Amino acid sequence: GNGQHPAPAAPPGRPHGECLQLLLRRSREAKNCAYCPYSRFPVGAALLTAGGEIFSGCNVENACYSLGVCAERTAIQKAISEGHTSFRAMAIASDMGDHFITPCGACRQVMREFGTDWDIYLTKADGTYIVKRLEELLPLSFGPEDLKK
């Protein structure tokens with residue numbers, strides 16, 4: 001063969017084994033593509049869809065600061081633009097040494113648009129991680145179902 005292997009099929013539920021390691025690696029790789037000349041704070045994210053596909057994203061800054069976009073929203077927008085709206089997990093990577101990277105409030109709300117029952121892997125630069133459910137990161141949240149009340 002050509003030495004390439006397809007991504008392992010993602011079983012339902014929390015990713016584990018090779019699938020989890022791939023998700024974590026893709027978030028670190030995405031971080032290397034970050035365009036962050038102003039903050040010098042690169043962030044990468046990798047999003048696992050319900051169908052087992054991974055979409056990655058990085059932060060992209062702009063001289064007009066408010067026009068920048070976070071890695072998490074980049075990954076979500078890429079997945080949405082390819083027809084995916086059901087997500088199982090996201091891994092987030094940065095160069096923060098002693099602390100786990102956490103998504104900003106805006107990203108938490110964008111994630112919330114697609115449910116509260118999926119996992120967010122918060123990593124440190126050394127690759128260690130903790131996992132939180134989105135509902136833990138954004139408690140008492142407002143979502144699409146609230147518009148129907």
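All values below were derived from every heavy atom in this structure, side-chain atoms included, with hydrogens, water molecules and symmetry-related copies excluded. Please read these numbers as outputs of a predicted model, since none were measured by experiment.
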Interatomic distance, CZ@Phe142 vs CZ@Arg112, rounded to 0.5 Å, equals 9.0 Å
Do Leu23 and Arg26 have side chains that approach each other closer than 4.5 Å (heavy atoms only, starting at C-beta)? no
query: With distance as the sole test, does Glu61 use its side chain to make a donor-acceptor pair with the main-chain N or O of Ser39 at under 3.5 Å?
result: yes
The reported gap from CG in Asn62 to OH in Tyr35 (rounded to nearest 0.5 angstrom) is 7.5 Å
* Asked: Has the side chain of Thr49 got a donor or acceptor atom that lies under 3.5 Å from a matching backbone atom of Glu53?
  -> yes
- Item | Leu137 vs Thr102 side-chain heavy atoms within contact, under 4.5 Å | no
Margin query: Using a strict threshold of under 4.0 Å (side-chain N to carboxylate O), is an ion pair present between Arg133 and Asp119?
Written below: yes
Taken to the nearest 0.5 Å, the spacing of Ile54 CD1 from Leu47 CG works out to 9.0 Å
dist Ile101:CD1 -> Leu122:CG (nearest 0.5 Å) comes out at 8.5 Å
Taken to the nearest 0.5 Å, the spacing of Arg25 CZ from Glu18 CD works out to 9.5 Å
task = Tell me whether Val60 is reachable from Ile76 by hopping between hydrophobic residues (I, L, V, M, F, W, Y) whose side-chain heavy atoms are closer than 4.5 Å.
result = no
Heavy-atom nearest pair, Phe114 first then Thr85, reads CD2-O, 3.6 Å
Closest non-hydrogen contact found for Ser141 with Thr116 is OG-CG2, 4.0 Å
Review point. So do Lys124 and His99 actually touch side chain to side chain, heavy atoms under 4.5 Å?
Key: no
Between Arg14 and Tyr121, is there a side-chain heavy-atom distance shorter than 4.5 Å?
yes
query = Do the side chains of Met111 and Ile130 join up, straight or via other hydrophobic residues, at under 4.5 Å, putting them in one cluster?
reply = yes
- Message: With heavy-atom distances below 4.5 Å as the criterion, would you say the side chains of Ser94 and Pro42 are in contact?
- Response: no
* **Donor-acceptor contact below 3.5 Å, side chain Ser56 vs main chain Ala45** => no
Just wondering, are more than 12 heavy atoms of other shown residues or ligands nearer than 6.0 Å to CG in Asp98?
no
Closest heavy-atom pair, Cys58 versus Cys33, reported as atoms and distance to 0.1 Å, is SG-O, 3.5 Å
Using the rule that Ile, Leu, Val, Met, Phe, Trp and Tyr join whenever any side-chain heavy atoms are under 4.5 Å apart, tell me whether Val110 and Ile80 fall into a single cluster.
yes
- Query: Is a donor on one side and an acceptor on the other found under 3.5 Å between the side chain of Ser81 and the backbone of Gln77?
  - Reply: yes
Practice prompt. Find out if a path of hydrophobic residues (ILVMFWY) with successive side-chain heavy-atom gaps under 4.5 Å connects Val131 to Leu24.
Written response: yes
Q) Are Met96 and Val43 linked, directly or through other ILVMFWY residues, by side chains that come within less than 4.5 angstrom of each other? A) yes
Distance col, row Arg88:CZ vs Leu48:CG, nearest 0.5 angstrom, shows 4.5 Å
Please examine the side chains of Ile120 and Ile92, heavy atoms only from C-beta on, and report whether any two atoms are closer than 4.5 Å. yes
**Request:** Using modelled atom types only, decide if a donor and an acceptor are shared between the side chain of Arg40 and the backbone of Pro37 within a distance under 3.5 Å.
**Result:** yes
Lys78 side chain reached by Thr74 side chain, heavy atoms, under 4.5 Å:
yes
For Arg108 and Pro103, the nearest pair of non-hydrogen atoms, with its separation, is NE-O, 2.7 Å
Closest heavy-atom pair, Gly97 versus Ala125, reported as atoms and distance to 0.1 Å, is CA-CB, 4.3 Å
* Give me the ring orientation class for Tyr38 and Tyr65: parallel if the planes are under 30° apart, tilted from 30 to 60°, perpendicular past 60°. => tilted
### Query
Does Asn59 use its side chain to pair, donor to acceptor, with the backbone of Phe41 at less than 3.5 Å?
yes
Between Gly57 and Ala30 the two heavy atoms that sit nearest each other are O-CB, 3.3 Å
